[in-house]
There are 2 protein chains.
Amino acid sequence: MPGKKKYYTESQEKMARYAKAIAHPARIYILDFLADNIDKCCYSGDMAEDIPIARSTLSEHLKELKKAGLIQGEINPPYIKYCINKENWEEAHQMFDAFFRKRL
Amino acid sequence: MPGKKKYYTESQEKMARYAKAIAHPARIYILDFLADNIDKCCYSGDMAEDIPIARSTLSEHLKELKKAGLIQGEINPPYIKYCINKENWEEAHQMFDAFFRKRL
DNA sequence: TTAGTATTTCGTAGAATTACGAAACAAAGA
DNA sequence: TCTTTGTTTCGTAATTCTACGAAATACTAA
């Protein structure tokens, strides 16, 4: 721990991480897709058909969103069913809301 | 215009741009600073004293936020007074809110 | 065991981001 | 005019991001 100076608050770092996760139209597309099909199984392949990127690229975007904690994948072989991680989603929502509300 | 296929919606592209603008702790710091000093003049130099980055780097971050439309600079020589661009700020707030609210 | 399906990981390349210090700018004041 | 002051732009380097196709993985079914 010592030697590692913190110049930004935990909150600022966390906000930046969440913002980065959604800072790409393909990732917004993915989250929109999950929202629009909230009761269905959302597989990587379903999304790949609508979006003009290679499947491997889509997979990397899914990995980013997973790393950020915004989605989670439930293995259902040979598929993987993706969905929103509600706990972190709610946290992000509240952080962004407080952030934007603060200066109005 | 023709030849330029759109794969993502305008809204998705715009969300991604706003998210990208705030996807760095230094830029969140700047926006927090502007919020905490809403009635004061906010100069680049004031922020530079609290933040461990070169002034030129800070200036680049300010440029990014300006480009995204989230802040604006009012020239008050030899200073430049920065403040939130309320119109775009409100738009971003609403977009993020709708985005997060959609899937809960 | 072999073949088939859905998905991810790997290797790689090009583009974009972040950072710094030096130099340039623009305005005020001596 | 020459300095000083606050800030931005430039040149550059290191890192990160985005993208692709090929190969690997993991499981099912024949």
Side-chain angles (χ1 to χ4, degrees), chain A residues 4-8 12-13 15-31 33-34 37 40-68 70-83, chain B residues 4-8 12-13 15-31 33-34 37 40-68 70-83:
Chain A
K4 187 114 168 61
K5 293 241 186 80
K6 297 243 62 161
Y7 299 111
Y8 303 111
Q12 285 169 340
E13 303 264 16
M15 274 282 298
R17 275 196 300 275
Y18 278 134
K20 201 164 173 183
I22 60 178
H24 191 291
R27 295 199 286 272
I28 304 234
Y29 167 88
I30 291 167
L31 296 167
F33 187 95
L34 293 181
N37 298 281
K40 288 194 261 169
C41 298
C42 295
Y43 307 121
S44 174
D46 297 337
M47 301 186 240
E49 282 168 26
D50 288 0
I51 202 172
I53 59 179
R55 278 162 196 250
S56 55
T57 305
L58 174 58
S59 183
E60 308 268 21
H61 283 305
L62 288 166
K63 185 159 70 172
E64 282 302 304
L65 289 170
K66 242 185 297 179
K67 202 179 81 187
L70 291 175
I71 67 172
Q72 58 204 151
E74 182 188 313
I75 294 172
N76 189 5
Y79 302 94
I80 294 182
K81 176 182 170 179
Y82 283 101
C83 60
Chain B
K4 188 116 170 52
K5 293 241 186 80
K6 297 244 62 163
Y7 298 112
Y8 304 112
Q12 285 168 340
E13 303 264 16
M15 273 285 296
R17 274 195 302 274
Y18 278 135
K20 200 164 172 184
I22 60 177
H24 191 291
R27 296 198 284 270
I28 303 223
Y29 168 89
I30 291 167
L31 295 168
F33 187 95
L34 294 181
N37 298 282
K40 288 193 261 169
C41 296
C42 295
Y43 307 121
S44 174
D46 298 336
M47 300 185 240
E49 283 168 25
D50 288 0
I51 203 172
I53 57 178
R55 277 164 196 247
S56 56
T57 304
L58 173 58
S59 182
E60 307 268 23
H61 284 304
L62 289 166
K63 186 159 70 174
E64 281 303 304
L65 288 170
K66 243 185 298 182
K67 201 179 81 188
L70 291 175
I71 66 171
Q72 58 204 153
E74 181 188 313
I75 294 171
N76 189 6
Y79 302 93
I80 294 181
K81 174 181 170 179
Y82 283 102
C83 60

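Letters A, B, ... mirror the listed sequences (proteins, then strands); counts begin at 1.
- Comparing atom distances between the A/Arg55 side chain and each of C/dT8, D/dT9, D/dT8 picks out C/dT8 as nearest.
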Listing time: all N or O pairs from protein to nucleotides 12-17 of chain C that are below 3.5 Å?
residue: C/dT17; atom: OP1; partner: B/Lys20; partner atom: NZ; Å: 2.8

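- Under 4.0 angstrom from either OP1 or OP2 of D/dT9 there lies no side-chain N or O belonging to B/Ser59.
- Here the closest heavy-atom approach between residue B/Tyr82 and residue B/Leu34 is recorded as O-CD2, 3.7 Å.
- Here D/dT9 is the nucleotide among D/dT8, C/dT8, D/dT9 with the atom lying nearest to any side-chain atom of B/Lys63.
- In this view, B/His24 satisfies the side-chain hydrogen bond (donor to acceptor under 3.5 Å, both in side chains) rule with no residue, not counting sequence neighbours.
- Between C/dA22, D/dA19, C/dT8, one nucleotide has an atom nearer to the side chain of A/Tyr82 than all others, and that is C/dT8.
- Annotation: salt bridge (Lys or Arg N to Asp or Glu O under 4.0 Å) contacts involving residues 56-65 of chain B, sequence neighbours excluded, comprise B/Glu60-B/Lys63, B/Glu64-B/Lys67.
- Look at B/His61 and you'll find a side-chain N or O under 4.0 angstrom from OP1 or OP2 of C/dA19.
- When distances are taken from the side chain of B/Glu60 to each of D/dA22, D/dC10, C/dG21, the shortest belongs to D/dC10.
- Residue whose closest nucleotide on DNA chain C sits further toward the 5' end, between B/Ala23 and A/Leu58: A/Leu58.
- Distance from the side chain of B/Leu62 is smallest to D/dT8 among D/dT8, C/dT7, D/dG21.
- Residue A/Thr57 has no polar side-chain atom (N or O) positioned under 4.0 Å from OP1 or OP2 of D/dA19.
- Closest contact between the side chain of A/Ile80 and the listed nucleotides D/dC20, C/dT7, D/dT8 involves C/dT7.
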